Amino acid sequence: DAKTTQPNSMESNEEEPVHLPCNHSTISGTDYIHWYRQLPSQGPEYVIHGLTSNVNNRMASLAIAEDRKSSTLILHRATLRDAAVYYCILRALYGGSQGNLIFGKGTKLSVKP
Amino acid sequence: NAGVMQNPRHLVRRRGQEARLRCSPMKGHSHVYWYRQLPEEGLKFMVYLQKENIIDESGMPKERFSAEFPKEGPSILRIQQVVRGDSAAYFCASSPRDREDGYTFGSGTRLTVV
């Protein structure tokens, strides 16, 4: 599976937008970009995913570079409840991993009041 | 529509005992995945199952660990003869048939071996 690179940590102020970057320079044409987050002492939570076009849902937006070698998860107004570890994961539509998600270290987001 | 249900939430076992962790996937989800998270570490894939089939067990330790997803009932992750190093949070996730969709994770079972 192609790998992703994320900053170890980021800080944000409450009610400000947050842009969480992810690099995936070896992405293949059939890899979906998934984002999950894990709040303290909880299981991971699906946030958003996309293939080529930018995506929006009630939780966040996903901006995907034209060459697909990077993407950015956008939280439009951070709240204290958004403090979590955010994982950017490539999920192969076909092939050897059978689609299981490979979690890296993620980005630990801290939100200051 | 209930989410992924895992039980028990907390499990304490003495060294050498067996641990059984249960996972009921979301209604309509036929794919189940088990992950382990050691203290202060990331999530590690263990096994991927469909009903009555193990699809990928590449992350399972070679001994003492087994998993099943029977035709009826929950998926079970079984750890025989537990050791202190098995203490971790074990998460189950499920997904619909379509691989493009996201996973839904349960709240996990926190196993403590004393």
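No experiment lies behind these values; they were computed from the predicted model shown. Order of the sequence lines sets the chain letters (A, B, ...), proteins ahead of strands, with each chain counted from 1.
With hydrophobic clusters built from ILVMFWY side chains whose heavy atoms lie under 4.5 angstrom apart, A/L75 shares a cluster with A/M59. A chain of hydrophobic side-chain contacts below 4.5 Å, direct or via other Ile, Leu, Val, Met, Phe, Trp or Tyr residues, connects B/I54 to B/Y90. By the rule that hydrophobic residues join a cluster once side-chain heavy atoms approach within less than 4.5 Å of another member, B/I76 and B/W34 end up as members of separate clusters. In the hydrophobic clustering of ILVMFWY residues, with side-chain heavy atoms under 4.5 Å counting as a link, B/F45 and B/I55 come out together. Transitive grouping of hydrophobic side chains (ILVMFWY, heavy atoms separated by less than 4.5 Å) brings A/L80 and A/L20 into a common cluster.
Side-chain contact between B/T104 and A/E45 is absent, with no heavy atoms from C-beta onward closer than 4.5 Å. Looking at A/Q42 and B/F91, their side chains never come closer than 4.5 Å, going by heavy atoms from C-beta outward. Residues B/F105 and A/Y36 are in side-chain contact: their nearest non-hydrogen atoms beyond the backbone lie under 4.5 Å apart.
In terms of heavy-atom pairs under 4.5 Å with chain B, the best-connected choice from A/S41, A/P44, A/G43 is A/P44. Interface check for chain A: of the options B/Q37, B/K44, B/E41, the most heavy-atom pairs under 4.5 Å are formed by B/Q37.
A pairwise comparison of heavy atoms in B/Y33 and A/R91 identifies OH-NH2, 3.6 Å as the closest pair. What you find for B/Y35 and A/L101 is that their closest heavy atoms are OH-O, 2.6 Å.
The environment of CD in A/E14 is crowded: more than 12 heavy-atom neighbours from other residues, nucleotides or ligands sit within 6.0 Å.
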